[in-house]
Amino acid sequence: MNRAPRLGRVLPTPDTPDTGAPRPGRGREAAVVAAAFVVCLLGGTVRVEDTLTAPPLAAWLLALVSCAVLPARHRRPLTVLAVTTAAGVVAQPLGLVLSPPMATPALVAAYACTLHVPGERRAAGAVALAAVALLAGAEPLSEDVSWRDVSRMGTVVAAPLVAGLIGHAVRTRRAYLAAVEERARRAEESRELEARRRVAEERVRIARELHDLVAHQITLANAQATVAAHFFDSRPEQTRVSLRELVETTGHALDELRATVGLLRQTGDGDAAASEGPAPGLARLPDLLESFRRAGLEVAVREEGRARSLSPGADLTAYRIVQEALTNVTKHAAGRGARVGLDWGGGRLTVTVSDDGGAPAGPPALSDRPPGYGLIGMRERAAAVGGELTAGPRPEGGFLVTARLPLPPERDGAETATDEGRTP
């Protein structure tokens, strides 16, 4: 599995406990301490009289003391800086010359201080104080100060400041890389959350489409089979008609199911162009109502106002709401009659579906079926296109579903939809 490259590491804090586990940079740590010890010891070969001799005992002691504390500079940077600075300050009273090589441990400590001390101002103040202390320790004990002494003093005071600037640059760089890594991690998490959200939305959409399709067709098939069973002995001709309608209904169900599954298997725009036909809308409302009439449901339609064209989403939503509401009437209502209303007034389309709530006439209704997700799906569809849906029992009996869907603004000279081909 491919993993994203690490852009940096999070800086350790002084409160981080030391677990004692071997660090990956243990060899590099030893090399730094050894190099600082050698350079500091070589700086002890310079005497006050500007002569070179073997390192005296004082140089060995100062190099050992100042370098022995360097491994602790990551956990106690201020303490290490203080010890190494003090070792440099006492160099000249011991007969040594405080030069940049002699102050090498203090330079390493100053770099670590700006890298690990929390707070930039605090770290900068500690390094500046160490530089001032080294400047005081580098001042010749005699009254005679030469240009060479001034140059050496300037180099001694500048060295820790330069080391602090380098440490600050490294610290800023590491913080930047850590921030980039954190942003990349959060962006990856956001992409994963967005992908999960889209997958969940797509699953809900697929479940809603399949529910509307299967519930409608299977309910009609069940109703037609119920009619055939009811009239099997008394009215054979009616039974044969119901069985033929049952064959047609199941055939349509298979065709629509095949088309829906085909849409789910599309992988690109080319497949979308090869869709078997447009999504259903109110133009197919007469065919929908006729299928319910064949199943024994008496459906009356009333349309008010001037019909207008709908957006594809609103058109499909209106069709599915009528389909699901009539399916619920077939499954759960006591009576065998329903009314569908389309009102195009008030800048919106109001779709109403109600049943008469009377006693069943003919074969028994499918009222013993458990409730499903029809109302939830209708509300989700209406909300998805900016509308709203209400459903509940009527005072005079029966059940009423009302959906209010927004209409697009009318344009001058725009052709409006006609009632032809939609209202039976």
Side-chain angles (χ1 to χ4, degrees), residues 8-18 23 25-26 28-41 43-44 59 61-94 96-140 150-179:
R9 64 182 182 88
V10 178
L11 296 179
T13 61
D15 297 333
T16 303
D18 186 9
R23 297 178 179 177
R26 186 63 61 88
R28 184 178 59 183
E29 180 76 15
V32 170
V33 175
F37 176 79
V38 171
V39 174
C40 181
L41 189 61
L61 291 177
L62 288 181
L64 287 174
V65 171
S66 58
C67 292
V69 298
L70 286 181
R73 68 186 184 278
H74 302 292
R75 299 185 302 274
R76 299 289 184 268
L78 293 177
T79 302
V80 173
L81 180 62
V83 172
T84 54
T85 301
V89 170
V90 300
Q92 209 153 253
L94 295 178
L96 303 174
V97 176
L98 180 56
S99 59
M102 178 65 69
T104 298
L107 306 186
V108 176
Y111 172 83
C113 183
T114 55
L115 197 61
H116 297 290
V117 170
E120 295 183 0
R121 292 185 178 181
R122 184 181 179 187
V127 173
L129 184 61
V132 172
L134 290 176
L135 175 63
E139 185 178 357
V150 173
S151 176
R152 177 175 54 80
M153 293 168 59
T155 306
V156 168
V157 73
L161 297 178
V162 172
L165 290 176
I166 296 175
H168 175 72
V170 173
R171 177 175 181 165
T172 303
R173 178 64 177 173
R174 290 183 180 180
Y176 169 75
L177 292 177

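Count residues from 1 along the sequence.
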Self-check item: Between CG on residue Leu62 and OG1 on residue Thr84, distance to nearest 0.5 Å
Solution: 11.5 Å
Quiz item: Which atoms form the tightest heavy-atom contact between Ser66 and Ala63, and what is the distance?
Solution: OG-O, 3.4 Å
Quiz prompt | Gly88 to Leu134 - nearest heavy-atom pair and separation | solution = CA-CD2, 4.3 Å
Quiz item: Is the shortest heavy-atom distance from the side chain of Leu115 to the side chain of Arg174 under 4.5 Å?
Solution: yes
Exercise. Rounded to the nearest 0.5 Å, what's the gap from CZ on Arg122 to CG on Leu78? Could you check?
Key: 5.0 Å
Self-check item: Partner set under side-chain contact (heavy atoms from CB on, under 4.5 Å) for Ala35, not counting sequence neighbours
Solution: none
Quick one: side chains of residues 102-110, donor-acceptor pairs under 3.5 Å with protein atoms, not counting sequence neighbours, listed by atom name and distance.
from: Thr104; atom 1: OG1; to: Pro100; atom 2: O; distance (Å): 3.4
from: Thr104; atom 1: OG1; to: Pro101; atom 2: O; distance (Å): 2.7

Quiz item: Hey, what do you get for OH (Tyr111) to CZ (Arg171), rounding to the nearest 0.5 Å?
Solution: 12.0 Å
Practice problem: Report yes if the side chains of Val32 and Leu70 come closer than 4.5 Å at any heavy-atom pair, otherwise no. | Solution: no
Quiz item: What's the shortest heavy-atom distance between Glu29 and Arg73, and which atoms?
Solution: OE2-NH1, 2.7 Å
Please output the side-chain donor-acceptor pairs of residues 154-169 that fall under 3.5 Å, not counting sequence neighbours, one pair per line with the distance.
from: Thr155; atom 1: OG1; to: Ser151; atom 2: O; distance (Å): 2.8

Quiz item: Which atom pair, heavy atoms only, marks the closest approach of Val33 to Cys67?
Solution: CG1-O, 3.6 Å
Quiz item: Which atoms form the tightest heavy-atom contact between Pro77 and Ala112, and what is the distance?
Solution: CB-O, 4.2 Å
